[in-house]
Amino acid sequence: ITKSTINGSILDFSVITGGLSIDQTSSIHEVGAGAGTPGVYIGGLSFSGNLSNAGTITVEGSRYTSFGILVGSSFFTGNIINTGTIDASASGSGVGSVGIQVGGGNGLSTFAGGISNGGSIVVNNVDTRGYGCVGGISVTRVRSLTGGISNSGSITVNNVVSNSYGCAPYGISVVFA
């Protein structure tokens, strides 16, 4: 994606080979009220190549969890590289926000690659019930992880809750299946 402004999400429900790249002049701005609002969603059968963001991904949600980048495809071969800005925020009852989420749900069979943040991930969350999870980078229920996770940029997590029943705010979290 080059020199583009997208008001909405990028959603993949198929097979991608060759990766996806968002250049530094491009932006994605998603405002959603639905369940699991993503800026970029990779959920097809397979994805091969790198998923790179040098631009700006902004997500504002009001129900469930907002994700800057959400990867839930069965097989992901490549790296997730952020050198740009990811800003994920949510406000409401039982909401959460995550900058980069890999896995979750039924889990990812294979994640053959790594995650690198050399940019900025900012997560803002206002949860009136306190059930949501809030974090910068999350790898959850992945059966196989062959690459590492590195952060040479910044991860900022702001969480305002009225009750605290959910998970504690985190910068980077890894939970295997």
Side-chain angles (χ1 to χ4, degrees), residues 1 4-12 20-24 26-43 47 51-73 76 79-105 108 111 115-142 149-162 164 166-175:
I1 298 168
S4 299
T5 299
I6 297 172
N7 290 311
S9 297
I10 296 174
L11 304 173
D12 160 47
L20 174 65
S21 179
I22 302 163
D23 81 347
Q24 68 274 9
S26 296
S27 65
I28 298 168
H29 187 218
E30 169 63 29
V31 178
T37 303
V40 176
Y41 174 67
I42 306 297
F47 182 97
L51 171 53
S52 301
N53 175 51
T56 301
I57 299 172
T58 305
V59 180
E60 302 171 45
S62 61
R63 186 168 178 182
Y64 301 108
T65 303
S66 293
F67 303 96
I69 296 173
L70 174 59
V71 175
S73 63
F76 187 99
N79 297 298
I80 299 172
I81 304 162
N82 179 52
T83 57
T85 299
I86 297 173
D87 185 348
S89 63
S91 180
S93 177
V95 297
S97 303
V98 180
I100 299 172
Q101 170 75 44
V102 175
L108 193 67
F111 181 58
I115 301 172
S116 171
N117 178 48
S120 171
I121 297 174
V122 177
V123 179
N124 294 297
N125 201 63
V126 178
D127 184 357
T128 58
R129 283 190 12 208
Y131 290 108
C133 288
V134 182
I137 298 172
S138 175
V139 178
T140 307
R141 296 171 125 187
V142 172
I149 299 172
S150 66
N151 179 45
S152 61
S154 65
I155 298 174
T156 304
V157 178
N158 301 304
N159 191 32
V160 177
V161 295
S162 56
S164 186
C167 63
Y170 58 85
I172 298 173
S173 172
V174 178
V175 178

Got a sec, which residues hit ring pair (Phe, Tyr, Trp, His ring centres under 6.0 Å) with Y41, two or more places apart in sequence or on another chain?
F13

T140 side chain near Q101 side chain, heavy-atom distance below 4.5 Å:
yes

Without placing hydrogens or testing angles, list every side-chain donor-acceptor pair under 3.5 Å for residues 117-126, not counting sequence neighbours.
| unit_1 | atom_1 | unit_2 | atom_2 | d |
| --- | --- | --- | --- | --- |
| N117 | OD1 | N82 | ND2 | 2.8 |
| N117 | OD1 | G119 | N | 3.2 |
| N117 | ND2 | N151 | OD1 | 2.7 |
| N117 | ND2 | S154 | O | 3.4 |
| N124 | OD1 | N158 | ND2 | 2.7 |
| N125 | OD1 | S97 | OG | 3.0 |
| N125 | ND2 | V95 | O | 3.3 |
| N125 | ND2 | N159 | OD1 | 3.2 |

Angle class for the F76/F47 ring planes (parallel below 30°, perpendicular above 60°, tilted otherwise)?
parallel

Contacts of type side chain to side chain contact (heavy atoms under 4.5 Å, CB included), residue T83, not counting sequence neighbours
A54, I81

Between L20 and I1, is any pair of side-chain heavy atoms under 4.5 Å apart?
yes

Find the distance between CG (L70) and CG (D12) and round it off to the nearest 0.5 Å.
11.0 Å

Test side chain to side chain contact (heavy atoms under 4.5 Å, CB included) on Y170 and V98 and set out the steps.
CA-CA 9 Å; Y170 58 85; V98 180; 3.8 Å; yes

What distance do I10 atom CD1 and I57 atom CD1 have between them, rounded to the nearest 0.5 Å?
7.0 Å

Between V142 and F111, the two heavy atoms sitting closest are CG1-CB, 3.9 Å

S9 side chain vs P38 backbone, donor-acceptor pair below 3.5 Å
yes

Nearest atoms (heavy-atom pairs only) where A90 meets G96
CB-O, 3.5 Å

First locate atom OG of S26, then atom CG of N53, and finally report the distance between them rounded to the nearest 0.5 Å.
9.0 Å

Can you give me the closest heavy-atom contact between A88 and F67, atom names plus distance?
CB-C, 4.5 Å

Set of residues satisfying side chain to side chain contact (heavy atoms under 4.5 Å, CB included) with respect to S21, sequence neighbours excluded:
S52

side-chain hydrogen bond (donor to acceptor under 3.5 Å, both in side chains) filter on S89, not counting sequence neighbours, yields none

Heavy atoms of V59 and S66 approach each other most closely as CG1-CB, 3.8 Å

In Å, rounded to the nearest 0.5 Å, how long is the span from CD1 of I100 to CD1 of I115?
6.0 Å

